[in-house]
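Quick notes on the structure that follows.
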Amino acid sequence: MKDFYLEILHVDKSCGARYGILHTSHGNVEVPMFMPVGTLATVKTMSPEELKECGAGVILANTYHLSLRPGEDVVAAAGGLHKFMNYDGPILTDSGGFQVFSLAEKRKITEEGVTFKNHLNGAKLFFSPERAIEIEEKLGADIIMSLDECVHYPATYEYMKNSVERTLRWAKRGKDAHKREDQALFGIVQGGEFADLRKYCAEELTKMDFPGYSIGGTSIGEPKDVMFKMIRDTTPYLPFDKPRYLMGVGSVDAILEGITDGVDMFDCVLPTRIARHGALMTSHGRVNIRDKKYEYDFTPLDDNCDCYCCKNYTKAYLRHLYKCDETFGKRLLSIHNIRFLIHMMEEARKAIKEDRFLQFKEDFLKQFASEKGF
RNA sequence: GGAAGAAUAGCGAAGUGGCCAAACGCAGCUGACUGUAAAUCAGUUCCUUCGGGUUCGGUGGUUCAAAUCCGCCUUCUUCCA
């Protein structure tokens, strides 16, 4: 593993929040950071230029989905994901472990791996830990994930224990199969809500010595306090000097909670998905742009936001585009939500460096006035 | 001047004696969305003190029962002069 490491530059004196720089083969990015999700090698409706303008560093893509379309060989022939999608920043691929959860009715798990009946035409698609790595090597992302089982919540202790053991075996198999030196392979901590399993999984993965660790099995329908406990039950058992990635978490309060406990990386479809559905994160809380009250509102979405959308367009116009189902509206709203979270991270990093993260978190949440959801 | 046809909720459009407060689509409104089967999905749109009450151009009938059958009126469309 070359060119990949986390340089921790400061730890907030009041909590576990850390500020640092993640070095990758496609550039360095500051942490804690938010990573937009571009499952099919595109963050829906947004161009790479727009992502950069929003301040995006790492973006995600998905192994399961790209192996189906266009197929990893196409991406490899294109010269890898970076060239294929024209993004020269760092890219992370998820392994397909989340699809074990989200496509639960369409798959079967065995010790060997996961057999999907793919969601497009029902054809059989087999993912073993080795196969996931093989695809991820062809896709060529900078950071790649081990194949894991993202277990449904709630699960019995019995089920979770067996699943964790298997996910650990899969992690080992994936690590043994991984050959590319320019990719950082992360292990994923599972264990659900069971503190001892989280600890066990984190410690066993640490023994395998991965360049980074993910916290998985979160944001799958569990209550917020359960999620927060899962984080607290995990981070203490991860090596201090390696990046920690909380998978699939994108609500404002959960991100801030994760940072408090020493998480460095977050990703989520939430900002882009809800943007396409007309819901926006703003410094004053949630805005549903379809609301009639914005019909004649010619002010920006968020007067504290510096994004392309807020600098140039009004709520009345955004509402109009949304009502007419115009693509440009979804794009502008996606830009805003992505920028909102990335900007929040910029402010969070600043606060950590100044040892005032807890105060920042309190103030931010107060102003954001999160009522439900994000 | 004559003939035929049509009028249904915000719009379009089913329904042609009881199972109709009335399908369906659109539009509107409300939710949901967290490692993207999601440009998606769910609920809802006459009034209501939730018992019920008023609706299907208007009006008067037939019937135990009418959006549905009959008379008249109004408006619209097409055709013939």
Side-chain angles (χ1 to χ4, degrees), chain A residues 34-46 58-66 68-69 92-107 116-122 125 132 136 141 143-151 153 186 188-190 212-224 227 230 245-255 257-258 263 265-281 286 288 290-293 295 319 321-334 337 341 370-374:
Chain A
F34 177 77
M35 310 181 287
V37 180
T39 303
L40 285 164
T42 170
V43 176
K44 295 185 193 302
T45 76
M46 291 178 67
V58 179
I59 61 173
L60 263 72
N62 183 277
T63 304
Y64 167 91
H65 288 285
L66 289 174
L68 281 175
R69 293 184 304 191
L92 182 157
T93 46
D94 185 28
S95 59
F98 184 70
Q99 279 63 45
V100 175
F101 164 79
S102 63
L103 300 176
E105 326 82 79
K106 301 183 183 304
R107 54 73 174 159
F116 292 96
K117 288 183 72 172
N118 85 54
H119 67 287
L120 297 173
N121 61 13
L125 179 66
E136 291 190 281
I143 305 170
I144 66 178
M145 294 298 120
S146 305
L147 183 67
D148 66 329
E149 180 191 358
C150 180
V151 181
Y153 176 88
F186 280 33
I188 303 177
V189 179
Q190 291 290 344
Y213 299 86
S214 303
I215 303 171
T218 48
S219 56
I220 50 171
E222 77 281 15
K224 280 280 168 66
M227 185 206 293
M230 287 173 175
Y245 162 29
L246 180 59
M247 307 184 81
V249 168
S251 61
V252 166
D253 55 348
I255 289 176
E257 190 67 24
V263 174
M265 306 158 66
F266 303 82
D267 81 287
C268 199
V269 305
L270 194 67
T272 44
R273 179 181 291 169
I274 66 176
R276 273 178 275 124
H277 298 169
L280 293 313
M281 301 169 170
R286 174 182 178 140
N288 293 317
R290 67 183 168 197
D291 287 355
K292 197 170 179 61
K293 64 183 173 190
E295 192 174 16
R319 177 175 191 270
L321 294 180
Y322 181 83
K323 290 292 184 187
C324 298
D325 198 27
E326 282 291 340
T327 305
F328 188 49
K330 299 178 199 307
R331 181 167 146 213
L332 288 172
L333 297 176
S334 295
N337 270 356
L341 283 184
S370 177
E371 282 167 21
K372 41 191 148 182
F374 45 85

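Proteins get letters first, then strands, A, B, ... in listed order; numbering begins at 1 in each.
- The side chain of A:Asn288 has B:G31 as its nearest neighbour among B:G31, B:C33, B:U34.
- Judged by distance alone, the side chain of A:Ser95 and the main-chain N or O of A:Gly97 form a donor-acceptor pair under 3.5 Å.
- Pairing partner, B:C64: B:G18, with both Watson-Crick or wobble hydrogen-bond distances short of 3.5 Å.
- Among the protein residues, A:Thr327 comes within range of the nucleic acid bases, having at least one heavy atom under 4.0 Å from a base atom.
- Distance from the side chain of A:Leu103 is smallest to B:A37 among B:A37, B:A39, B:G35.
- Annotation: of the two residues near RNA chain B, A:Asp325 and A:Ser214, the 5′-most nearest-nucleotide partner is A:Ser214.
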Dump every N/O contact between nucleotides 24-28 of chain B and the protein below 3.5 Å, one line per pair.
none

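- In this entry the distance linking CZ of A:Arg286 with P of B:U34 reads 13 Å, nearest Å.
- Judged by distance alone, with hydrogens and angles left aside, the side-chain atoms of A:Gln190 form no donor-acceptor pair with the main-chain N or O of A:Ile188 at under 3.5 Å.
- In this model, the phosphate group of B:G35 is not approached by any side-chain N or O of A:Gln99 to a distance below 4.0 Å at OP1 or OP2.
- Here the P atom of nucleotide B:G35 and the OH atom of A:Tyr153 are 18 Å apart, to the nearest Å.
- Using the Watson-Crick or G-U wobble rule with both distances under 3.5 Å, B:A39 pairs with nothing in any strand shown.
- In this structure, A:Glu105 reaches the bases: a heavy-atom distance under 4.0 Å links it to at least one base atom across the strands shown.
- Of the candidates B:U34, B:A39, B:U36, B:A39 carries the atom nearest the A:Thr45 side chain, counting heavy atoms from C-beta on.
- One distance of note links OG1 of A:Thr218 with NZ of A:Lys224; it measures 11.5 Å at 0.5 Å rounding.
- Nucleotide B:U54 is matched to nothing when pairs are restricted to Watson-Crick or G-U wobble geometry with both distances under 3.5 angstrom.
- In this structure, B:U78 forms a base pair with B:A3, meeting either the Watson-Crick or the G-U wobble geometry with both donor-acceptor distances under 3.5 Å.
- Atom P of B:A65 sits at a distance of 14 Å from the matching atom of B:G18, rounded to the whole Å.
- Residue contacts for A:Ile188: at a heavy-atom cut-off of 4.0 Å it reaches a base atom on one of the strands shown.
- A:Gly278 comes within contact range of no nucleotide atom at all, as no heavy-atom separation falls under 4.0 Å.
- The separation between A:Ile255 atom CD1 and B:U34 atom P is 14 Å, rounded to whole Å.
- Remark: A:Phe266 engages no residue in a ring-ring contact (aromatic ring centres under 6.0 Å, His included) (not counting sequence neighbours).
- Using a 4.0 Å cut-off, some side-chain N or O of A:Thr39 falls inside it from OP1 or OP2 of B:U36.
- Using a 5.5 Å limit on the distance between ring centres and a 30° limit on the angle between planes, the aromatic ring of A:His277 counts as stacked on the six-membered base ring of B:U40.
- In terms of phosphate contacts, A:Arg273 brings no side-chain nitrogen or oxygen within less than 4.0 Å of OP1 or OP2 of B:A39.
- Checking B:A37, B:G35, B:C33 against the side-chain heavy atoms of A:Leu270 singles out B:C33 as nearest.
- A donor-acceptor distance shorter than 3.5 angstrom exists from the side chain of A:Arg319 to the backbone of A:Arg290, with no hydrogens or angles considered.
- A:Ile274 places its CD1 atom 17 Å from the P atom of B:A38, with the value rounded to the nearest Å.
- With C1' as the reference atom, B:G15 and B:A66 are 13 Å apart, rounded to whole Å.
- Taking atom NZ on A:Lys293 and atom P on B:C29, their separation rounds to 12 Å, with Å as the unit.
- The base-pairing partner of B:C33, taking Watson-Crick or G-U wobble contacts with both distances under 3.5 Å, does not exist among the strands shown.
- A donor-acceptor contact under 3.5 angstrom links the side-chain atoms of A:Asp148 to the base of B:G35.
- Separating the CE atom of A:Met281 from the P atom of B:U34 is a distance of 12 Å, rounded to the nearest angstrom.
- In this structure, A:Lys44 atom NZ and B:A38 atom C1' are separated by 8 Å, rounded to whole Å.
- Applying the side-chain hydrogen bond (donor to acceptor under 3.5 Å, both in side chains) rule to A:Lys44 yields no partners; only residues at least two apart in sequence or on another chain are considered.
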What pairs of nitrogen or oxygen atoms, one from the protein and one from nucleotides 10-12 of chain B, lie under 3.5 Å apart?
none

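- Taking the C1' atom of each, B:G17 and B:A3 are spaced 29 Å apart, rounded to whole Å.
- The main-chain N or O of A:Ala279 is found under 3.5 Å from a side-chain atom of A:Asn337 such that the two form a donor-acceptor pair.
- For the side-chain hydrogen bond (donor to acceptor under 3.5 Å, both in side chains) test, residues two or more places apart in sequence or in another chain that qualify with A:Thr93 are A:Glu136.
- Between B:G12 and B:A23, the distance separating the two C1' atoms is 14 Å to the nearest Å.
- Evaluation of atom-type donor-acceptor distances gives no pair under 3.5 Å for the side chain of A:Ser102 against the base of B:A37.
- Judged by distance alone, the side chain of A:Thr39 and the main-chain N or O of A:Ala61 form no donor-acceptor pair under 3.5 Å.
- Formation of a donor-acceptor pair under 3.5 Å by the A:Tyr64 side chain with backbone atoms of A:Ala132 is not found in this model.
- Panel note: side chain A:Arg107, backbone A:Val100; a donor-acceptor pair is recorded below 3.5 Å.
- Comparing B:A38 with B:U45, their P atoms sit 30 Å apart, to the nearest whole Å.
- When all heavy atoms are compared, the tightest approach of A:Cys150 to A:Gly217 is SG-CA, 4.0 Å.
- To the nearest 0.5 Å, atom CG of residue A:Asp94 and atom OH of residue A:Tyr245 are 6.0 Å apart.
- To the nearest whole angstrom, the two P atoms, one in B:G57 and one in B:U8, are 6 Å apart.
- Nucleotide B:A38 holds its P atom 14 Å from the NZ atom of A:Lys330, rounded to whole Å.
- Base pairing analysis places B:G71 opposite B:U59; the two distances defining the Watson-Crick or G-U wobble pair are each below 3.5 Å.
- Among the heavy atoms of the strands, none lies under 4.0 Å from A:Glu222.
- Rounded to the nearest Å, the gap between the P atom of B:U30 and that of B:A22 is 25 Å.
- Applying the 90° cutoff around 0 to the glycosidic angle, B:G51 is assigned syn.
- When the P atom is compared between B:C41 and B:U48, the two are found 31 Å apart, to the nearest whole Å.
- In terms of the ring-ring contact (aromatic ring centres under 6.0 Å, His included) criterion, residue partners of A:His65 (sequence neighbours excluded) are, by chain and number, A:His119.
- The nucleotide B:G10 finds its pairing partner in B:C26, both defining distances of the Watson-Crick or G-U wobble pair being shorter than 3.5 Å.
- When distances are taken from the side chain of A:Cys150 to each of B:G35, B:A39, B:U34, the shortest belongs to B:G35.
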